[in-house]
Amino acid sequence: MTDTERRFTKVPVELRASEKKTTIGGYAAVFNRQSSNLGGFVEVVDAAAFNASRGDGWPDVIARYNHDDNMLLGSTGSGTLRIMVDGTGLDYEVDPPKARADILELVQRGDVRKSSFAFRTIEDEWGTTDQGFPMRTLLRVQLVDVAPVNTPAYPDSTAGLRSLARHMGADFEEVRKLADEDELRRFFVRTDRTTGKPKVQEKTSYGAAARMQLLARKSDPYA
């Protein structure tokens, strides 16, 4: 099983009031929308990414404030957390316990404005944006938790870079070094030095493309 990763969405978290109760809800993930730079690449959540978890009945998914184990808000197992998928994304609604009334107030006042989700990747793919920037698409993931958050942490890109290394058949340290240099696009585009024009690699296996790229860097002192 892959590492747990976290992402957040800029869609506001909100209070949803009814005659019987007040809940916290929002979109933890939005489909087909490019993320910000995650450390040398951007990411898109495919509309089918959560189908496996949904088909299993969202097993063991919980809601935690700021992803904190000590701030449990609800769970799918108890029915206090409900998760829905629509054309926009992954929507959640949680009934926080009375002891977490402060979280309700923080959301109501606007101190807590974002939502986040944690997941483990089952299947992903790599390509580029229209501008040639490396892009990862999450095709199938296991949902771990959803969370209203007040300060979204910068996402750790390690798991994503490990995925890229596997797809490209490359050494992880090489991939991480290129990410630090903001040069992951080297895996997708190489420079033809005789013309000075970028030359996109022919469609071949990821492993072959990676070997071509790594060999070029080792043999070219200006790479």
Side-chain angles (χ1 to χ4, degrees), residues 1-14 24-67 73-76 81-94 112-168 175 179 184-185 187-188 206:
M1 184 62 71
T2 60
D3 298 333
T4 299
E5 303 178 66
R6 294 175 182 173
R7 300 290 185 266
F8 75 93
T9 176
K10 297 180 180 180
V11 178
V13 65
E14 61 188 10
I24 295 173
Y27 282 98
V30 177
F31 297 143
N32 301 314
R33 179 182 297 181
Q34 287 183 20
S35 70
S36 57
N37 190 330
L38 299 179
F41 65 95
V42 295
E43 198 171 71
V44 169
V45 181
D46 187 81
F50 298 101
N51 283 359
S53 285
R54 179 172 60 176
D56 292 336
W58 309 109
D60 303 319
V61 179
I62 58 178
R64 299 176 291 183
Y65 174 54
N66 278 336
H67 298 286
L73 300 178
S75 67
T76 54
L81 170 63
R82 295 166 296 283
I83 300 174
M84 297 74 69
V85 172
D86 60 22
T88 300
L90 181 79
D91 184 69
Y92 73 95
E93 189 172 86
V94 61
V112 176
R113 299 185 180 183
K114 308 273 194 310
S115 289
S116 175
F117 72 102
F119 64 98
R120 298 186 184 96
T121 301
I122 300 173
E123 181 182 1
D124 59 5
E125 67 178 11
W126 287 85
T128 60
T129 66
D130 292 340
Q131 293 73 38
F133 197 75
M135 182 173 72
R136 180 193 189 196
T137 301
L138 300 175
L139 298 177
R140 286 199 304 148
V141 302
Q142 177 191 5
L143 184 63
V144 175
D145 84 350
V146 292
V149 293
N150 55 304
T151 307
Y154 183 80
D156 183 358
S157 63
T158 300
L161 296 180
R162 290 190 188 280
S163 168
L164 179 58
R166 288 194 299 270
H167 277 274
M168 294 298 189
V175 172
L184 289 179
R185 70 191 70 203
F187 282 111
F188 304 92
Y206 282 121

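Just the heavy atoms: all of them, side chains too, but no hydrogens, waters or symmetry mates, feed the values below.
Here the closest non-hydrogen pair linking A147 and Y92 is C-OH, 3.9 Å. For the residue pair P148 and Y65, the shortest heavy atom distance occurs at O-CD1, 3.3 Å. Minimum heavy-atom separation, K114 to T9: CD-O, 3.5 Å. Nearest heavy atom pair, residue G39 against residue L161, reads O-CD2, 4.4 Å. Across all their heavy atoms, G74 and L81 have their closest contact at C-CB, 4.0 Å.
Under the rule for a salt bridge (Lys or Arg N to Asp or Glu O under 4.0 Å), R6 has no partner lying at least two apart in sequence or in another chain. Residues forming a side chain to side chain contact (heavy atoms under 4.5 Å, CB included) with T129 (at least two apart in sequence, or on another chain): Q34, V42, Q131, F133, M135. Judged as a side chain to side chain contact (heavy atoms under 4.5 Å, CB included), and not counting sequence neighbours, the contacts of S163 are D124, W126, R136, R166, H167. The salt bridge (Lys or Arg N to Asp or Glu O under 4.0 Å) search around R140 returns E123, not counting sequence neighbours.
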Show me the side-chain donor-acceptor pairs of residues 46-61 shorter than 3.5 Å, one per line, residues at least two apart or across chains.
unit_1, atom_1, unit_2, atom_2, d
D46, OD2, A48, N, 2.9
N51, OD1, R54, NH2, 3.0
S53, OG, L143, N, 3.0

Can you give me every donor-acceptor pair (side chain of residues 25-33, partner residue at least two apart or in another chain, under 3.5 Å) with its distance?
unit_1, atom_1, unit_2, atom_2, d
Y27, OH, D86, OD1, 3.4
Y27, OH, D86, OD2, 2.5

### Task
Using the side chain to side chain contact (heavy atoms under 4.5 Å, CB included) rule, take L138 and R7 through it: C-alpha gap first, then chi angles, then the decisive distance, then the call.
CA-CA 12 Å; L138 300 175; R7 300 290 185 266; 5.5 Å; no
### Worked verdict on N66 versus V149 for side chain to side chain contact (heavy atoms under 4.5 Å, CB included)
CA-CA 5 Å; N66 278 336; V149 293; 3.3 Å; yes
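The CG atom of L90 sits 12.0 Å away from the CZ atom of F119 when rounded to the nearest 0.5 Å.
Within 6.0 Å of atom CZ in R82, more than 12 heavy atoms from other residues, nucleotides or ligands are found, so the atom counts as buried in its surroundings.
Side chain of D145 to main chain of I62: no donor-acceptor pair is present (N/O by atom type, distance under 3.5 Å, no hydrogens or angles).
Side-chain contact between H67 and S116 is present, with heavy atoms from C-beta onward closer than 4.5 Å. The closest side-chain heavy-atom distance from R185 to T128 is not below 4.5 Å.
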